[in-house]
Protein chains: 2
Amino acid sequence: MDQTSPTDPAAPDRMAATAPASVEEFRARLALVMDDLPRRLRQCADYIAANTDRIAVSTVAELAAGADVPPSALMRFCQILGFSGFSEMQRLFREAYAPGWPDYATRLKNLKEGGAGSPSALLGEFIEAGRLSLEALAKSADEAALAQCVAVLAAAQTVHVIGLRRAFPVACYLAYVFEKMSVPAMLHDSVGKLDHRFALRPGDAVLAITFAPYSEETIALAQDARTRGLPVVAMTDQLTSPLARFSDAVLTVPEVDFGAFRSLSATIAMAIALAVAVGSARGE
Amino acid sequence: MDQTSPTDPAAPDRMAATAPASVEEFRARLALVMDDLPRRLRQCADYIAANTDRIAVSTVAELAAGADVPPSALMRFCQILGFSGFSEMQRLFREAYAPGWPDYATRLKNLKEGGAGSPSALLGEFIEAGRLSLEALAKSADEAALAQCVAVLAAAQTVHVIGLRRAFPVACYLAYVFEKMSVPAMLHDSVGKLDHRFALRPGDAVLAITFAPYSEETIALAQDARTRGLPVVAMTDQLTSPLARFSDAVLTVPEVDFGAFRSLSATIAMAIALAVAVGSARGE
DNA sequence: GGATTTTTGGAATAAATATTCCAAAAGAAC
DNA sequence: GTTCTTTTGGAATATTTATTCCAAAAATCC
C-alpha cells in the first residue's frame, strides 16, 4: 500500500497530477511528455499534435482510428496528459472552440456578392488571397532557413536591400524597419538608373527579393555580390528561382494572387519578422 | 388509417423530406420554416440561429437548456428541419468545421512557441497580426465609401499618389498597379526633398495614405490639393484622422500591429482592390 | 362549451460512447 | 533462456446521450 501511494518515488511519474487548464498548458504538457513514450502512445501523441483541432468534434473511437490505435490506448494517453479521461480533455477543447466563421465568412461572401468586378467583390477576393497566403506561409515556413538568414544578416556590416517592381514595396518596408531598428541598411532603388553596386563593401550582405518573372537587376546585384564573396540572402517564390543559385540562404514565400496581382501579405509578414529578428540579434 | 398515411395531403408538410446537405442549405431551411412555428419550436429556432456555431460541440441537453426548452422539443425541431434526429444535424456541423483551422492554427502555435523573440516566433506573431487585420477589414469595410472613392479616382485625369514612411510601401504598390492597369498616376515620393505640388493640374485627383502619427507632407499635399479644388481620396486609420478633414472620400483600414510595426496586409488588400477597380472603371 | 387537433413535457427506452480491467504479448534485465 | 516489468488489445461494463412515445395541456374550430 505504502509503496503504491501517489507519491511513490519509484513509480514512473509520467502521470501528471493536475489536468491542463488551457490549450497552451495542454501543448506544453504534450511537448514535455512526447519524447519518452512507448510506441502506441507515441502514435497517439503524434496524431493528436497534428489534429488538435478535431478533438472538440470527435469521439474516442474516431480519434483512435485516426491514430491507428485501439481506443484504450487513446484513453491511457489522455490520462498521461493529466486528464481523468477523454471527456475531460474534450471539454477543454469544446469550451475553447470558436470557429472564425460566424461572421467573417458570411461577411466575405456578402462582399463578393456585390457583383462580379464591383469594388467590394474585388476587395473580398484580395482579402481572401491575403488570408490564404498567410495560412500557407504558416504551414510552409522553414524555421531553420529563417534562423540562418537572420544569422547571416546580423553578422553583416551593412545590409543592402534590393527588390524592384512588385517586390519594391517589400524592399521599402524592409528599409523602413531596418532604420527603426538601427540596422545599417541601404535600399537599392534604381532611382535615376543609378547603380550603386560599388557601395558593396567586404563585410556587407545583400538581401534580395524577387518573384517570377524575376527582375534582372536584382539577380545581377546578387550575382555580383556573390562573385565578390559577400553573403546573399534571398526572398523568393521557389527554391528553383534563379536567385537561389547565388544565395547563401533562401526564404521561399508562398503567395496567392488574385488576377495579376500578389497580395504581398505573406511576403511582408516574412520581411518584418526577418528585419525585427535581425535588429534584435544585433542589439545583443 | 388511410388519412394518416405519410402522403396525407391534409398533414402539415412542415417536415421536409430531405436533410440539408450544407450549412447554407441549413440556413435557408431555417429561414423558411422560422415564421410559422409554435412557441417552443420557435424558441429552438431562435436559439439555434444565434448559436449555430455551438451545434458541433454541444449535446442535445445543453442546447435545449440554452433555448430553455425540454430536450424533446429540440429533437422535434431537428426533425422539422429535415434531419432524422439531432445526431444527423450535428454531423453536418462537425464535418463542416474542417476548413477553419485545418492545420494552420496548430502550426502557428508551433511557430510562436519557437521561443519568445526567436525569428519563427516573430513570424508567427506577424502572420497572426496580418490575419486579424484582414478579418477586421472584411467585417468593417464600407462598401459605399469604397465605391465613392473609385468613382472619384476613375473620373480623374491623373491620380497623384502620396504616402510616406510606413505608408510608402503601399503608395509604391498602388503606383505599380496603376501603371499595370494603364491608369495615369504619379507617385510623390519626396526623393531629393523635391516637392512636385505643381504637378497637380485641374482635373487630377489625389490619393493620400497616412496613419498615426500622420506624416506632415502627406497632409500638406492633401490640403493643398483641396485648396485648389481637386478631389482628395484618403486611406487612413480613423475617421477622425486629420486627413479626413481635407478629403472628399475616406477609406478607413483597421490594422493590427505587433510591436511597433503594422502588418499592412489589410491596407494593401484595400489598395489593390481600389486600384484594380479604378482601372476597370476607366477601361469601360 | 364540447369536440378535435396541435403542441408539449417528461418518463421510458435505445443507442452510442467512454472507461475499466485483465490476460496476453512484448520487451528489458539478469 | 528465464524472470520480471512494461505495454498492449479487446472484451465487459458503466455512463452519458439521443430518441421515442404517450398522456396531459393548450389551442382551435364548430
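In what follows, every chain begins at residue 1, and chains take the letters A, B, ... in the order their sequences are listed.
Here B/Arg76 does not reach the OP1 or OP2 of C/dT8: none of its side-chain N or O atoms lies under 4.0 Å away. Put simply, B/Gln79 has a side-chain N or O that comes within less than 4.0 Å of OP1 or OP2 on D/dT20. Between A/Ser87 and C/dT19 there is a side-chain N or O to OP1 or OP2 distance below 4.0 Å.
For A/Phe126 and A/Phe261, the gap between ring centers reaches or exceeds 6.0 Å.
One interatomic measurement links the two molecules: CE of A/Met75 to C1' of C/dT17, which rounds to 10 Å at whole-angstrom precision. Atom CD of B/Glu88 and atom P of C/dA16 are 13 Å apart (whole Å). With rounding to whole Å, A/Leu63 atom CG is found 15 Å from C/dT19 atom C1'. Atoms CG (B/Leu74) and C1' (D/dA18) sit 11 Å apart, rounded to a whole Å. Atom CZ in B/Arg40 sits about 15 Å away from atom P in D/dA25, given to the nearest Å. What separates CZ of B/Arg91 from C1' of C/dA15 is a distance of 14 Å, to the nearest Å. Atom P of nucleotide C/dT7 and atom CZ of B/Phe77 are separated by 15 Å, given to the nearest angstrom. Summarising the geometry, the separation between CD on B/Gln43 and C1' on C/dG9 is reported as 13 Å, rounded to the nearest angstrom.
When each of A/Thr59 and B/Val69 is assigned the nucleotide of DNA chain C bearing its nearest heavy atom, the one mapping closer to the 5' terminus is B/Val69.
Atoms CG and CD, from A/Leu153 and A/Gln148 in turn, are 10.5 Å apart once rounded to the nearest 0.5 Å. A distance of 10.0 Å separates CG of B/Asp53 from CD1 of B/Ile48, quoted to the nearest 0.5 Å.
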Q: Verify salt bridge (Lys or Arg N to Asp or Glu O under 4.0 Å) between A/Lys139 and A/Glu135, making sure each step is shown before the conclusion.
A: CA-CA 6 Å; A/Lys139 286 182 199 159; A/Glu135 287 187 4; 5.0 Å; no

Q. ring-ring contact (aromatic ring centres under 6.0 Å, His included) between A/Phe77 and A/Phe86: does it pass, once the steps are laid out?
A. CA-CA 9 Å; A/Phe77 174 76; A/Phe86 176 76; over 10 Å; no

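Tested against A/Ser133, the residues A/Arg262, A/Glu255, A/Glu128 include a single side chain to side chain donor-acceptor pair (under 3.5 Å) partner, A/Glu255.
Using a 4.0 Å heavy-atom distance criterion, A/Ser72 is classed as a base contact.
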Q. Under a cut-off of 3.5 Å for both distances of each Watson-Crick or G-U pair, what dot-bracket string does DNA chain D give, using [ ] for crossing pairs and | for inter-strand pairs?
A. ||||||||||||||||||||||||||||||

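Between B/Phe26 and B/Phe93, the two ring planes are perpendicular [angle over 60°; tilted spans 30° to 60°].
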